[in-house]
Amino acid sequence: MAPTVKRPATDASQQLLASKNISITKPRLVLVGLLLKEQRPLTVDQVVKLAKGKLALSSLYRVINDLRNGGLINEFTTPENAKVIELITNTSRHHHHIFCGNCDSITDFEIDDQLERDLALEIERIESEYSISVTSHSLELLSLCIPCKNKLNRQ
């Protein structure tokens, strides 16, 4: 019997899970593998479609919670309240998202460091004024991506 050869994505998925002391299960490997392959935020619907039957919806929500609690993924919602997940990597910086209102694509972007510092100062002012503690912030841009804009212009 020939030895089985692991695919690089599986190796990378296993390494990521192990780096966070998260037990390695097939559903977790499938989800992490998809996120590594796609290199972009994915909605739950996109994950289900890309998994091609390898990941049950009931398992997916459990895996998302496990990976979020383990510090491996971020979770946020689109303007239409769809759940989105993305990997947290060692090179991940604080970033924001652009949402296409036509095709539902999500693009990460970073703002200028000075603007981010100014935003942090404004958040401090808001915390003081409203006696709250902000735990996170995001800037969302609603857009029409170029492919969708071109497609609509041709119609």
Side-chain angles (χ1 to χ4, degrees), residues 6-113 115-116 118-120 122-124 126-127 130 132-152:
K6 292 181 185 176
R7 294 177 298 169
T10 302
D11 287 345
S13 300
Q14 288 176 338
Q15 289 172 358
L16 274 174
L17 289 167
S19 75
K20 298 291 187 176
N21 294 319
I22 300 170
S23 61
I24 297 169
T25 65
K26 186 176 179 181
R28 291 174 183 166
L29 287 172
V30 169
L31 180 56
V32 172
L34 284 173
L35 291 169
L36 283 169
K37 179 182 175 196
E38 293 297 317
Q39 294 290 302
R40 62 188 174 104
L42 296 172
T43 65
V44 168
D45 289 342
Q46 289 169 330
V47 169
V48 169
K49 183 177 178 181
L50 291 168
K52 299 178 183 171
K54 295 178 187 172
L55 193 55
L57 191 58
S58 58
S59 295
L60 177 57
Y61 284 105
R62 198 168 35 257
V63 169
I64 289 170
N65 286 332
D66 293 343
L67 298 182
R68 185 191 65 237
N69 292 339
L72 193 57
I73 62 170
N74 280 327
E75 179 181 12
F76 57 95
T77 56
T78 67
E80 293 81 27
N81 289 321
K83 184 183 294 241
V84 180
I85 55 174
E86 64 184 350
L87 275 177
I88 299 171
T89 65
N90 292 338
T91 59
S92 294
R93 292 186 55 200
H94 180 74
H95 62 272
H96 304 276
H97 300 99
I98 303 169
F99 298 95
C100 177
N102 190 57
C103 70
D104 298 327
S105 67
I106 304 164
T107 305
D108 292 343
F109 74 98
E110 295 176 10
I111 60 176
D112 177 76
D113 287 341
L115 182 55
E116 195 70 68
D118 291 345
L119 184 55
E122 184 63 14
I123 289 170
E124 287 177 17
I126 291 167
E127 286 176 320
Y130 292 95
I132 60 170
S133 178
V134 174
T135 57
S136 177
H137 77 271
S138 66
L139 175 62
E140 299 172 353
L141 301 180
L142 308 179
S143 71
L144 190 59
C145 69
I146 298 301
C148 287
K149 182 178 177 184
N150 291 340
K151 187 185 223 181
L152 291 172

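Here, residue 1 is the first one in the sequence, and each next residue gets the next number.
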Given the rule in the side chain to side chain contact (heavy atoms under 4.5 Å, CB included) test, do Ile106 and Arg40 qualify, once you have shown the distances and angles that lead to the verdict? CA-CA 8 Å; Ile106 304 164; Arg40 62 188 174 104; over 6 Å; no

Residue pair [X] / [Y], side-chain heavy-atom distance below 4.5 Å:
X      : Y      : answer
Leu16  : Leu87  : yes
Glu116 : Glu110 : no
Leu57  : Val44  : yes
Cys103 : Pro147 : no

Between [atom1] of [X] and [atom2] of [Y], what distance do you get to the nearest 0.5 Å?
X      : Y      : atom1 : atom2 : result
Leu72  : Ser19  : CG    : OG    : 6.5 Å
Lys54  : Leu60  : NZ    : CG    : 14.5 Å
Ile88  : Glu75  : CD1   : CD    : 10.5 Å
Leu36  : Asp11  : CG    : CG    : 11.0 Å
Leu119 : Ile126 : CG    : CD1   : 8.0 Å
Asp118 : Glu122 : CG    : CD    : 9.5 Å

Asn65-Arg62 side chain donor-acceptor pair, cut-off 3.5 Å: no

Given side chain to side chain contact (heavy atoms under 4.5 Å, CB included), test Leu42 with Lys49 step by step and report yes or no. CA-CA 10 Å; Leu42 296 172; Lys49 183 177 178 181; over 6 Å; no

Minimum heavy-atom separation for Cys100 to Leu144, with atom names? SG-CA, 4.0 Å

Under the side-chain hydrogen bond (donor to acceptor under 3.5 Å, both in side chains) rule, what do Glu86 and His95 come out as? Steps first, then yes or no, please. CA-CA 12 Å; Glu86 64 184 350; His95 62 272; 3.0 Å; yes

Do Val32 and Ile73 pass the side chain to side chain contact (heavy atoms under 4.5 Å, CB included) test, and can you show the C-alpha distance, the side-chain angles, and the key distance before you say yes or no? CA-CA 9 Å; Val32 172; Ile73 62 170; 5.9 Å; no

Just do the side chain to side chain contact (heavy atoms under 4.5 Å, CB included) check on Leu55 and Val48 with the steps written out, would you? CA-CA 7 Å; Leu55 193 55; Val48 169; over 6 Å; no

Does anything in residues 15-31 form a salt bridge (charged side-chain N to carboxylate O under 4.0 Å, His left out)? List the pairs, not counting sequence neighbours. Arg28-Asp66

Filter on salt bridge (charged side-chain N to carboxylate O under 4.0 Å, His left out), then keep only pairs touching residues 99-109, sequence neighbours left out; what's left? none

Can a donor-acceptor pair be found, under 3.5 Å and without considering hydrogens, that links the side chain of Glu38 to the backbone of Leu35? no

Taking only residues two or more places apart in sequence or in another chain, which ones pass ring pair (Phe, Tyr, Trp, His ring centres under 6.0 Å) with Phe76? His97

Which residues share a ring pair (Phe, Tyr, Trp, His ring centres under 6.0 Å) with Phe109, sequence neighbours left out: His96

Sort and list the pairs that fulfil ring-ring contact (aromatic ring centres under 6.0 Å, His included) and have at least one residue in residues 19-49, not counting sequence neighbours. none

Show me the pairs that pass side chain to side chain donor-acceptor pair (under 3.5 Å) and involve residues 138-149, at least two apart or across chains. none

